[in-house]
Amino acid sequence: MELSDVHAVLFDMDGTLVDSDAVVDRSWSQWAEEYGVPVADVLAIAHGSPAEVTIGRMRPDLSPAERAEAVARVLDIESSDVSDVVATPGAPELTALLDRLGIPWAVYTSASTRLAKVRLDAVGITPSILVTLDDVTHGKPNPEGYLRAAELLGVPADQCLVVEDTTVGLAAGKASGALTAGLKGIPADIRLTTLHELVDLLGSTG
C-alpha cells in the first residue's frame, strides 16, 4: 500500500504524539526503587509496553492483588507528573493537517485512559477516538488495539497508517495489516526523523 492509499491514521501516544520520555523514565525509576528492582532493567522494557507486562516481568513473585497494587502505584506516579510533557515536533501540525484533509485519525496507547487523558490534555491534542489499555484484552504487540481503533473510525485496518516509536508498538501495527511509519529508527515501512516529515509527505499527496 502507498501513502496515497491511506484513509485513516492511527497514532501511538507516548513518544509519538506526546514527548513524555523524561516523565516515563522518572516515574518508572521511582517505581523501581520502591519495588527493589534495577532501574536500568525496568527502563529497558517500560517504554511502549503495558505497565502490567513490565511489572510482571520485573516482579513475577507478586500475587495478582499485589501486581494490581503495583500497577496502580506507577499510574499514580505518572499521572501526577506532567511538568515537562510536551507535544512531539510536528504533532500539532500533523493532526491539524489531517483534520483539514478530512482524514480521520485516532490514538491507541498502552497507557490507561486516565493517564492518556492527562497527557493529551497537557499538550492540547484531542483525538475523536481514543483507545487505551483499558479498552483491550491484549496489549501491544497484539494488534487488538489498532484493529479496534480502525473499527471505531469505520476504516479497514489495511487502509490505515500506524505511526509508532517502539518496536513493540510497530509489531502491533504490522500485525494489524496497516502501513507503518516509525520514529527513532525503528524498521517501519516509512522511517521518520520527526512528524514534520509526515506532514510534508501527506501534504504532497492530499
Side-chain angles (χ1 to χ4, degrees), residues 9-35 37 39-55 58 70-99 105-136 139-140 145-146 149 161-170 172-173 181-186 188 192-199:
V9 180
L10 312 176
F11 292 102
D12 169 57
M13 183 182 72
D14 289 312
T16 300
L17 288 178
V18 177
D19 182 355
S20 55
D21 287 354
V23 68
V24 169
D25 286 351
R26 279 199 305 273
S27 299
W28 278 104
S29 294
Q30 181 177 337
W31 180 90
E33 290 171 359
E34 292 179 7
Y35 277 79
V37 295
V39 170
D41 292 352
V42 173
L43 296 185
I45 64 170
H47 289 270
S49 294
E52 186 172 1
V53 173
T54 299
I55 290 167
M58 290 293 98
V71 170
R73 175 55 183 151
V74 76
L75 173 60
D76 283 341
I77 297 170
E78 289 188 297
S79 297
S80 63
D81 186 356
V82 293
S83 58
D84 51 5
V85 173
V86 296
T88 57
E93 295 87 348
L94 178 54
T95 54
L97 173 65
L98 293 174
D99 289 340
W105 57 279
V107 172
Y108 167 46
T109 174
S110 293
S112 67
T113 300
R114 171 186 166 194
L115 181 57
K117 289 183 175 179
V118 165
R119 289 187 177 159
L120 290 167
D121 286 348
V123 302
I125 293 176
T126 307
S128 60
I129 297 295
L130 173 63
V131 178
T132 74
L133 187 63
D134 298 330
D135 301 311
V136 299
K140 300 174 184 178
Y146 280 125
L161 173 70
V162 164
V163 187
E164 270 282 357
D165 75 310
T166 65
T167 54
V168 67
L170 178 64
L183 296 158
K184 302 179 183 176
I186 61 173
L192 305 169
T193 303
T194 73
L195 294 180
H196 285 297
E197 296 172 31
L198 197 51
V199 171

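Computed from heavy atoms alone, side chains included, the values below leave out hydrogens, waters and symmetry copies.
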What I'd like to find out is whether the side chain of [X] reaches to under 4.5 Å of the side chain of [Y], using heavy atoms alone.
X      : Y      : result
Trp31  : Val37  : yes
Tyr35  : Val74  : no
Leu94  : Trp105 : no
Tyr146 : Glu164 : yes
Ile55  : Arg73  : no
Val23  : Ser83  : no

| Per the side chain to side chain contact (heavy atoms under 4.5 Å, CB included) rule, which among Val18, Leu195, Leu183, Asp165 passes with Thr88? |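 Testing Thr88 for a side chain to side chain contact (heavy atoms under 4.5 Å, CB included) against Val18, Leu195, Leu183, Asp165 leaves exactly one candidate, Leu195.
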
Closest contact, heavy atoms only, [X] versus [Y]:
X      : Y      : value
Ile125 : Pro127 : O-CD, 3.6 Å
Gly139 : Pro50  : CA-CG, 4.2 Å
Lys140 : Gly48  : CD-O, 4.1 Å
Ala87  : Val123 : N-CG1, 3.3 Å
Ala111 : Met13  : CB-CE, 3.9 Å
Ser112 : Leu75  : OG-CD1, 3.2 Å

| message | Evaluate Val118 against Val82 for side-chain contact (heavy atoms from CB on, under 4.5 Å), listing each step before the verdict. | response | CA-CA 8 Å; Val118 165; Val82 293; 3.4 Å; yes

| said: Looking at Glu52, I'd like to know if its CD atom is crowded, meaning that more than 12 non-hydrogen atoms belonging to other residues, nucleotides or ligands lie closer than 6.0 Å. | reply: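 Counting other residues, nucleotides and ligands, CD of Glu52 stays at 12 neighbours or fewer.
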
Nearest 0.5 Å please: distance from the [atom1] atom of [X] over to the [atom2] atom of [Y].
X      : Y      : atom1 : atom2 : value
Thr132 : Leu115 : OG1   : CG    : 9.5 Å
Leu198 : Thr193 : CG    : OG1   : 12.0 Å
Thr126 : Lys117 : OG1   : NZ    : 11.0 Å
Thr113 : Leu133 : OG1   : CG    : 8.5 Å
Leu10  : Thr16  : CG    : OG1   : 12.0 Å

| Matching residue for Glu78 among Arg26, Arg119, Arg114 - test: salt bridge (Lys or Arg N to Asp or Glu O under 4.0 Å) | Arg119

| message | I need the single residue from Thr166, Thr54, Asp25 that forms a side-chain hydrogen bond (donor to acceptor under 3.5 Å, both in side chains) with His47. Which is it? | response |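 So, applying the side-chain hydrogen bond (donor to acceptor under 3.5 Å, both in side chains) to His47 and each of Thr166, Thr54, Asp25, only Asp25 qualifies.
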
| message | Would the distance check show the side chain of Ser49 and the main-chain N or O of Ala46 forming a donor-acceptor pair, the cut-off being under 3.5 Å? | response |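 Judged by distance alone, no pair lies under 3.5 Å.
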
